[in-house]
Amino acid sequence: MDEKNKFYEYEFKELLDEKVKQKLMFDQLLLASPFAVAILDTDQKIVSINDNFTKLFQYTFSETEGKLIGSLVSSNESENQIDKNLEIIYQGQIVQQEVKRRRKDGKLVDVELVGYPVLYRETIIGVYIIYIDISHKLRDSLTGLYNRNYFIESVDKHIKSYDETDEMFSVIVIDIEGFKNINDTLGHIIGDRFLIEIKKRLNFVLDDSYIVSRIDGDEFAVLINNANRNLLLNLSELILNVLSKPYIISKTEIYLNFNVGISTFPKDGTNSENLIRFADAAMHQAKMKSNDRISFYINEISEKIEQKFFLANYLFSAISNNELSIKYQPIFDINDKAIVGAEALLRWDNAVLGQVPPERFIPVAEKTGLIISMGEWVLKEVCNQIKLWESKGFDLIPISINISVKQLENINFAKAAIEIMKNNHITPEFIEFEITESVSSGDITRIVKNIKELKRYGIKISMDDFGTGFSSLGQLDLFELDKLKIDKIFIDDFVQVYKRQKLVKSIIAMAKSLNLVTVAEGIETSEQLSHLRGLGCQLGQGFIFSKPLTVEEIEEFFKKDGK
């Protein structure tokens with residue numbers, strides 16, 4: 001063999017060795033990849049797969065060889081996308097995106113797809129596709145449902161595709177009412193078992209065409225490709241029916257209530273934040289209704305929420321901005337009209353909102369917890385005012401201060417209140433606390449403990465708005481009351497309505513039998529006053545005597561009354 005042929009033979013052998021080496025490296029890359037890999041030929045048919053492809057999609061090589069990739073792993077909604085992806089790859093471009101693909105058993109899995117062309121001498125001879133399982137990143141660790149981030153991303157994708165599809169969709173938010181009580185009383189392990197059982201029931205009702213997510217500790221959300229009101233209502237009723245059936249936990253049958261809120265794109269909102277927030281707002285609206293567990297979002301709900309938000313926002317700085325004040329409404333002896341006390345009434349005047357009525361800001365203060373600091377401010381202010389009146393030589397009268405359930409549930413409330421009074425040198429005979437019948441719904445143990453401590457110090461306790469709640473005689477004794485204040489609603493028309501007279505008479509008689517003083521609220525006419533005097537009511541409050549007064553105005557009363 002001449003030198004020239006020897007050279008060509010050597011070069012050809014080196015070339016073959018290089019190709020064999022590349023093929024071996026390529027095969028090793030395929031087999032050793034930690035991800036699912038499929039190699040396609042120019043007809044989109046599978047040439048090879050690795051073991052991780054089998055683990056992820058449950059297909060063996062014999063089941064996939066020569067098959068179109070789309071016929072095996074596409075979901076109904078992703079089939080067109082597979083064709084688009086392959087078309088792009090066969091044009092020489094790399095594709096990388098998060099998609100859904102279907103396993104052999106029909107279950108959808110969330111994967112990151114990376115696809116790129118296989119080139120030989122600048123010619124595409126096939127496609128290399130990698131599937132990276134990302135489902136663990138998108139799932140709630142406890143229930144296995146989608147997490148909040150994935151749900152938001154899914155809503156965003158639906159919004160982006162609206163321009164192409166014109167497909168409206170809806171967000172359903174589901175809340176477990178009272179779930180905190182389960183965690184507090186039965187423990188978090190039992191609570192977790194509840195959540196897992198709820199997930200199972202949701203999966204029983206909702207198939208893979210819905211995106212079901214746990215978006216908060218006790219809230220779930222569903223993304224549905226439909227905006228038909230009747231269909232949404234029927235689906236929500238089905239969900240509630242399944243979820244509301246009794247749960248058997250540790251051989252105990254437990255019932256839970258659920259509430260549903262619904263928002264629809266694009267009618268109710270055009271971004272994921274608003275759609276989820278408005279569905280959540282509608283759910284809270286449903287929670288407030290006694291006869292309906294399902295609520296569709298309407299603009300009025302958003303307006304109420306925004307009003308409460310702005311109200312709370314301004315209320316946070318009400319004390320530091322000196323926006324709070326106190327008015328005093330005198331309490332009179334019904335027989336001689338002598339002033340025997342006064343009720344401290346909190347007022348709020350904001351530069352933006354103007355004068356905000358107590359019925360608007362007190363519930364917000366209670367919900368946000370601001371009632372604790374506001375209550376302390378009121379007590380300190382009243383104590384300061386009593387000291388000023390004493391320095392001016394006025395005869396002092398007891399001042400009644402309203403106390404909320406939230407304050408009484410604070411384990412240190414009585415101790416803090418007594419400390420404030422001691423620091424201001426105010427004796428207990430000049431401070432009275434008014435509670436309402438709603439204390440019955442609070443933490444009775446803590447409430448009674450606080451009341452007993454206040455009573456031991458010598459502070460009197462009144463029950464305000466008596467008759468509008470559900471207090472039992474046993475609770476009247478439990479709270480060691482000194483006074484009953486008959487609510488204005490019973491006084492308004494009791495002169496004209498005989499049944500109201502009988503009711504007020506019964507309250508006064510009961511109070512006397514328990515050695516309680518009665519105070520009638522909202523007295524406005526001489527006829528009401530005369531009837532109450534005849535029934536034996538001792539004290540009164542209302543416009544016939546006086547409206548709520550500023551400090552200067554009530555001091556004029558003191559002067560006239562010889563105080």
Side-chain angles (χ1 to χ4, degrees), residues 288-292 329-345 357-360 362-363 366 398 400-405 408 432-442 444 447 451 460-548:
M288 294 168 61
K289 300 176 184 177
S290 59
N291 60 345
D292 194 357
Q329 186 168 29
I331 300 172
F332 288 83
D333 186 305
I334 277 183
N335 293 303
D336 61 13
K337 296 186 179 180
I339 183 170
V340 294
E343 180 180 358
L345 300 170
E359 59 268 23
R360 281 189 63 201
I362 293 296
E366 289 181 337
S400 300
I401 299 173
N402 293 284
I403 303 298
S404 76
V405 177
L408 285 169
E432 295 181 2
F433 287 140
E434 294 189 7
I435 63 176
T436 65
E437 291 180 276
S438 62
V439 295
S440 305
S441 63
I444 292 294
I447 289 170
I451 289 176
K460 290 184 177 179
I461 305 293
S462 303
M463 179 163 281
D464 196 12
D465 302 333
F466 183 76
T468 59
F470 301 97
S471 284
S472 66
L473 291 176
Q475 285 172 333
L476 295 182
D477 180 57
L478 182 67
F479 298 135
E480 300 184 23
L481 300 175
D482 299 286
K483 292 179 181 178
L484 283 187
K485 299 188 76 173
I486 305 171
D487 191 78
K488 181 180 184 296
I489 193 172
F490 299 107
I491 306 301
D492 284 341
D493 58 359
F494 96 117
V495 173
Q496 295 82 17
V497 180
Y498 180 68
K499 283 186 177 180
R500 285 288 169 89
Q501 291 180 34
K502 296 283 284 185
L503 183 59
V504 172
K505 183 179 179 180
S506 298
I507 293 174
I508 293 171
M510 179 193 67
K512 282 185 178 179
S513 69
L514 296 172
N515 294 317
L516 304 178
V517 174
T518 50
V519 185
E521 299 180 289
I523 306 173
E524 296 180 353
T525 69
S526 56
E527 290 86 354
Q528 291 171 342
L529 181 60
S530 177
H531 275 72
L532 287 165
R533 188 183 293 122
L535 294 174
C537 184
Q538 296 112 314
L539 306 179
Q541 197 175 350
F543 281 12
I544 192 171
F545 298 118
S546 172
K547 65 178 183 178

Do you know which two heavy atoms are closest between Ile491 and Gly522, and how far apart they sit? CG2-O, 4.1 Å
Taken in chain and number order and not counting sequence neighbours, the residues that satisfy side-chain hydrogen bond (donor to acceptor under 3.5 Å, both in side chains) with Lys505 are none
Taking the side chain as everything from C-beta on, heavy atoms only, tell me whether Leu529 gets closer than 4.5 Å to Ile334. yes
What residues form a side-chain hydrogen bond (donor to acceptor under 3.5 Å, both in side chains) with Gln329, not counting sequence neighbours? Gln541
Between side-chain atoms of residues 512-521 and protein atoms elsewhere (two or more places apart, or another chain), which donor-acceptor pairs fall under 3.5 Å?
{"residue": "Ser513", "atom": "OG", "partner": "Met510", "partner atom": "O", "Å": "2.6"}
{"residue": "Thr518", "atom": "OG1", "partner": "Gln538", "partner atom": "OE1", "Å": "2.8"}

Tell me whether Lys483 is salt-bridged to Glu434, with the criterion being a basic N under 4.0 Å from an acidic carboxylate O. no
Taking the side chain as every heavy atom from C-beta outward, state whether Ile444 and Phe479 have any atom pair closer than 4.5 Å. yes
Could you list the residues that satisfy side-chain hydrogen bond (donor to acceptor under 3.5 Å, both in side chains) with Asp493, not counting sequence neighbours? Arg500
Is there side-chain contact between Ile403 and Ile461, with at least one heavy-atom pair below 4.5 Å? no
In Å and rounded to the nearest 0.5 Å, what is the NZ to OG distance from Lys485 to Ser400? 5.5 Å
Just wondering, do Phe433 and Asn402 contact through their side chains at under 4.5 Å, heavy atoms? no
Any residue meeting side chain to side chain contact (heavy atoms under 4.5 Å, CB included) with Glu527, in chain and number order, not counting sequence neighbours: Val495, Thr525
Would a 4.5 Å heavy-atom cut-off, applied to side chains only, mark Arg533 and Asn335 as touching? yes
To the closest 0.5 Å, what do you measure between CD1 (Ile362) and OG (Ser404)? 8.0 Å
Non-hydrogen side-chain atoms of Ile435 and Leu481 separated by less than 4.5 Å: yes
Ser530 side chain to Ser526 main-chain N or O, any donor-acceptor pair under 3.5 Å? no
With heavy-atom distances below 4.5 Å as the criterion, would you say the side chains of Phe332 and Leu539 are in contact? no
Residue pair Pro398 / Glu432: nearest heavy atoms and the distance that separates them: CB-OE2, 3.8 Å
Can you check whether Ile523 reaches Phe545 side chain to side chain, under 4.5 Å on heavy atoms? yes
Partners passing side-chain hydrogen bond (donor to acceptor under 3.5 Å, both in side chains) against Lys488 (at least two apart in sequence or in another chain): Asp492
